[in-house]
Structures are given as C-alpha cells and as structure tokens.
2 protein chains.
Amino acid sequence: MANKKRTTLKDIAKVLNISPAAVSKAMHDDSRISDKTKKAVNRVAKELNYQPNHIASALRKGKSNLVGVIVPRTNSNFFSSVIENMEEVLNKEGYNIIITQSNESFQKECSNIDTLLFTQVDGIIASMANETVDLSYYEKVKSKGIPLILFDRGENDLNVDYVGIDDYESSHMIIKHLISKGCKRIAHIGGFRRTRIFNNRIRGYVDAIHKYNLPHEDHLLLESSLTLEDGRAKMKELLKLKNPPDAVYVAGDYAALGALQVLNEQKIRVPEDICLVGFGNEPFTSLVSPSISTVNQHSNEIGKIAAETFIKRINTDNWTPKLEKNILKSELIIRSSSNR
Amino acid sequence: MANKKRTTLKDIAKVLNISPAAVSKAMHDDSRISDKTKKAVNRVAKELNYQPNHIASALRKGKSNLVGVIVPRTNSNFFSSVIENMEEVLNKEGYNIIITQSNESFQKECSNIDTLLFTQVDGIIASMANETVDLSYYEKVKSKGIPLILFDRGENDLNVDYVGIDDYESSHMIIKHLISKGCKRIAHIGGFRRTRIFNNRIRGYVDAIHKYNLPHEDHLLLESSLTLEDGRAKMKELLKLKNPPDAVYVAGDYAALGALQVLNEQKIRVPEDICLVGFGNEPFTSLVSPSISTVNQHSNEIGKIAAETFIKRINTDNWTPKLEKNILKSELIIRSSSNR
DNA sequence: TATATTTGCTTAATCGATTAAGCAAATATA
DNA sequence: TATATTTGCTTAATCGATTAAGCAAATATA
C-alpha cells in the first residue's frame, strides 16, 4: 500500500523556508502573519495534500474535540434522531462525537463512561439506562471537570444540565384529550417510578384525573417495564377488571403496541370501545392499524439544545453553578386509536 | 469545579524517585523491569488515580485506537445490531469506535470520511449510502494505507474486504418458498440495480423464476427506492396489471410494509390472494398484521466478522493483497404474510 | 579469576502542533 | 530627527507517553 508519510507543518515550512511556527499561525489566520505568507502556506498545504494531525494538536491544546454520547440504544427513532441533530450542531463547531450504547444495562453504561474518559472526550452527553440508580460513575465524570449534559432520562440529584420534555404536562394533555372524546375511566400503564420521567408522567396522570373528577382507582394505575410483552400483560390485567377502563394511556409506544395487539385479539374495538394513547412517536405507531395516538418528544430540538448547552459550557472558563434545565413542551399526535 | 491536574507518568516517577521511562515500562509489564518496581508503580498509580493519556500515546505510537464506522443510518435494527457486535469485538482489542451516519447521502458520506480521517482513525468500516456511485472518497481512504472494510452495501470495484450475505441465493430461497405455497406469478419490487446487493437480489429472482419455469414478465419486475411510500406506489402499479401477481417479493422491509398497507386498504387478503415477503427482518415486520415474512441478514455475525477482519488487517504489517470476501447464508423467516 | 551476559534502570530524542517570549525591520508618532 | 509602536517572523519550550541507546551493577560462564 502507499505508505508515504503524511505531510506535516515542518514539510510546508521547509518548502517555504520559514519556521513551522509561522506555518501554524498562517493556518490559523494569525494577524501577525503577512497575507503573502498566508497565501503561500495555503498553496503549499494544498499542493502537499496537508491534513493537520488532530492528535498532536489535541495533546498540545489539552482537548480532543471529541464529545462522548451515551444512549440506551441507537436503534430507536427518538435516540437516533437526537444524535443526528446533536451531530449537526457539534460538527459545525469542530467537534466529533463518539456514540456508545448502554443497552439499558447499568454495567455497560459504566464501562462506556470509562471508555469515553480514557479517550479523553471533552464532554459527555448522556441519557441514562433504565437500570441506573447508582450515580457514582456520573459523579466521576463531574469530578473530572468536563461538561456533563443529560437528556430525556436525567436524574435531578446529579445537578447537571438537562434537556427533556415536560412529562407532567404531557400527561395532562393526554387526559384532557381523552376526556374530550368522552372517556370516563382512564387507566395508565406507566414506567418504573424510580425513573424520573416516568414518575412525572404518573404524577401528571394522577393530578389530571383528580382535576377532572374522574375515578382514581389503584388498579387503574399499573407500573410496567414498558416492553411490548409487558404491555400485553398489563392490558390483559386491565381487561380482567370487573369494571374495565374505557381508555388506556401507556407511557411507551412499544407497550402501547402490545396493548393494541391484545385489544385486537379480543375483538375489542379501538377507539369505539377503548381509546389508546402511547408515548414517543416511534415510527410504527403510524404504521399499525389502527394507528396509535402518541406524543412527539421533539427529538430534533432536544439534540440541538443538548449540543448547544455543551458548547456553552465548554466555552465558559469560569464555571458557573447555574444549571440549564430545558423543559420542552411536547406535542400530542392524535391518530385513529383515540379519535372517535 | 475540581480542576486538579490529571496524574501523569512523571508524577508517579517523582513519588518513586525513578524515571518516567521506567514507569512507562513497568505499566507495560516490560521484562527488564523488576517485580518490585512494577508493584510499586501499580500501587502509586492507583493511589494517584492515574489514567493514561490516550492522546499522548496515540501521537507517539502513530495510532489512535479508534475505528471509524459509517452507516446509512443507525436508526435501523440491522445497522444498530451490526454496530453493537462490532463494538464488542473491537473494545476487547482496545479499540473504540466513532459512529457516523450518512443518511443515505453521498455528500454526507464524503464529509464523514473527511471527519474520520481528520480524527486519525486507524481504520474505517463502512456500509455505503444508496446514492454512492463515485468511489473516489473511498479510494482516498485506501491511499492513506489504513484498513477499509465494507459490509452489506459494498462495491466490488473497490477491491477491499467485504462482509455480507448471499443476496443471490436469498432470492432463490424466497422464490422456492413461494412456489411451495402454490404461487404461480411472482413479482419482485427490487432496489436500484446500481447497488450491488439489490442487483444480486434481482439476478437471483430472475434466475430462480427461469429455473422453476414461472412466467418472467418485464412488468412483474420493478425497480424502487424501497421507501415505504415507493413500496405503496409500486404495489399499486402491480395491482393495476390486467394479470396481477399472486405473490410479491420486496427487496426491503419498509417497502414491503407499504405494499401491505395497499393490499389491506384494497381488501386483498394476505396471504390467501397474494403472498408477501420482505427483506431485512426489521422489528416491525413481526408486529404488523398480518406479520411479514422476511429475511434475517445475521447482523450479529456481520458485525463480528467485519471487526475481526479489521483486527486481522491492522495486525499484519506486510500488506497481503488477498482479500476477505465473507458471504454469509441468510435465513428466511416465514410469517403469516406468506404462510397459507 | 577473567570475561560475557543479563538485569534494571536512565538519558535523551521523538511523535506534530502550538504558543509564550523575543527580536529585527518597518512604520508611525511626537 | 528621535522615540514608540507595529509588523512579521524565529526560537525554544511544551503537551505525556514511548522507545532506542546506553550504562552500571549483578550474575553467569569459561
């Protein structure tokens, strides 16, 4: 293979008979370098096909221009869209991202953090695994003094910047919508209470139910892992009640799909007999029949804001303890499953 | 924030009153360093919470231990699963990966390649965008002398290592299956011929049709972008034929879903009136009704082999022109849409 | 006992790019 | 004209880890 050595600043300097330092400054458009020299440097750089050695510059400047990203899984419309938008902002600022997946495993998440720190990333943007309760690894990131930004699955105790949607308010929006469709007994298949976002959805559900004077019964509120399978199981539980609900609000789209499958199998008409609303706007929600009403979490905005928050942090030397908590409004997408 | 400087080899050396060189060697278990010193070094390293500066070592050794990955999009079960398996192999060997998405855009793909080269990756593992015809950017990677491995969407002209499934044979398998279900007029909604994998599926379809003496008519073979929308359009075209097919083999799952929607809308029974088979085993194929028969591409194996091929290449100094072409057997998953 | 080898380290250079400090020539200002 | 400032560079050190070369002491071999 062509193993010709790469061109360095020194090579350019030699051609022009100036110092490497002058070349470096010319490349960075330093005001103390003449236009003539700058032009010559750029010309020779192009001729020799110069590509800066990013590693050398990283070592000298003490920063890698890499941002680590940790997500539960990339294989989800929400996360991949967040990443895409994050990337756009960060690339523009000269940063590249290293994406890692935790697969919802706490252990994998910890090892990802170690990997990213080892790679000397300049910051970490993360959404936590469902399993994660112990925050010591994130404390480790904080103690390194590099920016840590959480999104979607954040943890308030950590005291770091956060971007996400207003889960509490989203629940209100859903309940209000279901009531407008004439629903009188609304059940909630929620996520695990220990995860903040799911806890907020549950609180929102309970408060909205009270606000509108609907029956709030313990067996109408179930906690779930929100997998498709568990969505099926929880829907079956609800159908076995002697007084089943006329609407079900599920805190995740996969579980909502499971619920829908059970309803279809049992020939219960959706939305005529039971209205169904999911959460997350996964693409399949519009593909199944009936299509599932769900909540759009503005993944593009979240990605963009998370990236911008990072940029802001990295550019302020004087660490300000003021945190950015960006809570976005979500959007209810009404489809067949609740549109009666 | 705690901005205490990171511990370096020098710090450890100072504590033990030996040279940084000795510390470095002790860390790497050099045979010329005494056990006593090694133990002491490890003890102090732990005490001072030493983390090696990856960047400094990368600069000195001329390698970054980063592998660049380019995929059309991470938001697909196939690609995210490939990446997951690749990561596992590479992490074990001390490599980290930088994932980038081309979003099926040739231009984005080129800029991703530039980004990765700029980041000094030690190699690139890629699956090409649909748009990509011009290979000059990949030639650039080759000319840098770093390993380039392609998977799934590869291009034979490039003369690089490749991992994928046997698309030609997969088509045969599908046609054979459909014939076993009594189908007599089998249509194919294929991808763009310029992409090798789709061309192979088309060739496999045509040859199998001939082999089994089925009618091979031009209007039964359509070329498509394989999006959901185009799947719908092409299915409508097929239904307008005066002699419509009794089975449709679609070269991608999203397009297959589009086709299914049209069939459902027009009250054509699947599989009774028309059998449907997709390609790729995207999760939703098992979720829609009827569930869609499809082809599993062994994403885990592909990821593993691609990573292993990279490791093999990076560890052989003497460049051997012998290429690895790994063609895996695929697996047909028979579901309701073709099981009559 | 005399020489050869091995052990366990040190010294100094290196990977490229960057930057603080400084210097001479050119230009501006008093 | 004398001094101050600006311009356009150079010199040398630096970011940490690594490694070739080498040296003295310890050990092995003849």
Side-chain angles (χ1 to χ4, degrees), chain A residues 3-42 44-45 48-66 94 117-122 144 146 317, chain B residues 3-42 44-45 48-66 94 117-122 144:
Chain A
N3 251 341
K4 44 185 171 185
K5 281 224 306 242
R6 21 173 63 255
T7 306
T8 68
L9 283 189
K10 227 170 146 186
D11 299 324
I12 300 177
K14 220 174 285 166
V15 171
L16 294 171
N17 218 19
I18 55 176
S19 72
V23 177
S24 171
K25 285 178 186 161
M27 295 281 217
H28 292 87
D29 208 23
D30 189 298
S31 63
R32 297 283 286 274
I33 300 290
S34 69
D35 280 353
K36 205 182 108 195
T37 305
K38 282 180 189 168
K39 268 177 201 152
V41 164
N42 285 322
V44 175
L48 299 185
N49 193 22
Y50 173 72
Q51 275 218 309
N53 186 321
H54 185 247
I55 289 179
S57 131
L59 174 60
R60 179 56 227 252
K61 296 207 277 191
K63 57 180 301 201
S64 62
N65 275 48
L66 292 172
L117 291 179
F118 175 72
T119 316
Q120 320 277 133
V121 293
D122 291 341
K144 290 269 171 193
I146 64 173
D317 289 334
Chain B
N3 251 340
K4 45 186 170 186
K5 281 230 299 246
R6 22 173 63 254
T7 306
T8 68
L9 284 189
K10 226 167 145 187
D11 299 324
I12 300 176
K14 218 173 288 168
V15 171
L16 294 170
N17 217 19
I18 55 178
S19 72
V23 176
S24 170
K25 286 177 184 161
M27 296 280 214
H28 291 87
D29 207 24
D30 189 298
S31 63
R32 298 280 287 275
I33 300 290
S34 70
D35 280 355
K36 203 182 111 198
T37 304
K38 284 181 189 168
K39 266 178 203 153
V41 164
N42 286 323
V44 176
L48 299 185
N49 192 22
Y50 174 72
Q51 272 217 311
N53 185 320
H54 185 248
I55 289 179
S57 136
L59 175 61
R60 177 58 226 248
K61 296 209 275 191
K63 57 179 302 198
S64 62
N65 275 45
L66 292 172
L117 292 179
F118 176 73
T119 317
Q120 319 279 128
V121 294
D122 291 341
K144 290 267 172 196

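In this text, all values refer to a predicted model and were calculated from it rather than measured experimentally. Below, read A as the first sequence line, B as the second, and so on, with proteins coming before strands; counting in each chain starts at 1. Worth knowing before you read on, the calculation uses all heavy atoms, side chains too, and leaves out hydrogens, waters and symmetry mates.
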Engineer: Nearest whole Å is fine: how far is dG16(C) C1' from Phe118(B) CZ?
Structural biologist: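 About 13 Å, once rounded to whole Å.
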Engineer: Would you confirm whether Asp122(A), through its side chain, and Ser64(A), through its main-chain N or O, come within 3.5 Å as a donor-acceptor pair?
Structural biologist: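 Yes, because the side chain of Asp122(A) sits within donor-acceptor range (under 3.5 Å) of the backbone of Ser64(A).
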Engineer: What's the separation between atom NZ in Lys25(B) and atom OG in Ser19(B), rounded to the nearest 0.5 Å?
Structural biologist: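 Reported value, rounded in 0.5 Å steps: 7.0 Å.
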Engineer: Rounded to the nearest 0.5 Å, how far apart are CG of Asp29(B) and CG of Asp35(B)?
Structural biologist: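 CG of Asp35(B) is found 8.0 Å from CG of Asp29(B).
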Engineer: How many angstroms lie between atom CG of Leu66(A) and atom OG1 of Thr119(B), to the nearest 0.5 angstrom?
Structural biologist: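 If we round to the nearest 0.5 Å, Leu66(A):CG and Thr119(B):OG1 are 6.5 Å apart.
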Engineer: Give me the residues of residues 57-65 of chain B where at least one heavy atom lies under 4.0 Å from an atom of DNA chain C, by number, or none.
Structural biologist: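 Result for residues 57-65 of chain B: Leu59(B), Arg60(B), sorted by number.
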Engineer: Enumerate all atom pairs, one protein N or O and one N or O from nucleotides 5-9 of chain C, separated by less than 3.5 Å.
Structural biologist:
from, atom 1, to, atom 2, distance (Å)
dG8(C), N7, Arg32(B), NE, 3.0
dG8(C), N7, Arg32(B), NH2, 3.4
dG8(C), O6, Arg32(B), NH2, 2.6
dC9(C), OP1, Thr37(B), OG1, 2.9
dC9(C), OP2, Ser34(B), N, 2.9
dC9(C), OP2, Ser34(B), OG, 2.7
dC9(C), OP2, Thr37(B), OG1, 2.8

Engineer: From CD1 of Ile55(B) over to P of dA17(C), roughly how many Å is that when rounded to an integer?
Structural biologist: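 My rounded result for the distance is 15 Å.
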Engineer: What integer distance in Å separates Leu9(B):CG from dT14(C):P?
Structural biologist: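 Distance check: Leu9(B) CG to dT14(C) P gives 20 Å.
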Engineer: Quick one: pull up OH in Tyr50(A) and CE in Met27(A) and give me the separation to the nearest 0.5 Å.
Structural biologist: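 Taking OH in Tyr50(A) and CE in Met27(A), the distance rounds to 4.5 Å.
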Engineer: Round to the nearest Å and state the distance from Arg6(A) atom CZ to dA17(C) atom C1'.
Structural biologist: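 Taking atom C1' of dA17(C) as the reference, CZ of Arg6(A) is at 13 Å.
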Engineer: Any side-chain to backbone donor/acceptor pair from His54(B) onto Leu117(A)? Under 3.5 Å, distance only.
Structural biologist: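 The answer is no, because no donor-acceptor pair under 3.5 Å joins these two groups.
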Engineer: Atom CD1 of Ile12(A) and atom C1' of dG16(C): how far apart are they, to the nearest Å?
Structural biologist: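 Those two atoms, CD1 and C1', are 12 Å apart.
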Engineer: Using whole Å, report how far NE2 of His54(A) lies from C1' of dG16(C).
Structural biologist: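 Rounded to whole Å, this separation is 13 Å.
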Engineer: If you take all heavy atoms of Leu59(B) and Ala56(A), which pair is closest and at what distance?
Structural biologist: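 Shortest heavy-atom contact: CD1-CB, 3.7 Å.
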Engineer: What is the separation between atom NZ on Lys10(A) and atom C1' on dT11(D), rounded to the nearest whole Å?
Structural biologist: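 That distance rounds to 14 Å.
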Engineer: If you take all heavy atoms of Ala22(A) and Ile33(A), which pair is closest and at what distance?
Structural biologist: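 Closest pair (atom of Ala22(A), atom of Ile33(A), distance): O-CD1, 4.0 Å.
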Engineer: About how many Å separate NZ of Lys38(A) and OG of Ser31(A), when rounded to the nearest 0.5 Å?
Structural biologist: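 If we round to the nearest 0.5 Å, Ser31(A):OG and Lys38(A):NZ are 7.0 Å apart.
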Engineer: Quantify the bending of the helix from dT1(C)-dA30(D) to dA30(C)-dT1(D) as the angle between its end axes, each fitted on five pairs, to 10°.
Structural biologist: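 Helix axis angle between the two ends: 40°.
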Engineer: Looking at OG1 of Thr8(B) and CG of Asn53(B), how far apart are the two atoms once the value is rounded to the nearest 0.5 Å?
Structural biologist: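 Answer rounded to 0.5 Å: 9.0 Å.
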Engineer: To the nearest Å, give me how far apart CG (Asp30(A)) and C1' (dT18(C)) are.
Structural biologist: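 Atom CG in Asp30(A) sits about 11 Å away from atom C1' in dT18(C).
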Engineer: Test side chain to side chain contact (heavy atoms under 4.5 Å, CB included) on Ile18(B) and Val41(B); report intermediate values, then the result.
Structural biologist: CA-CA 10 Å; Ile18(B) 55 178; Val41(B) 164; 4.2 Å; yes
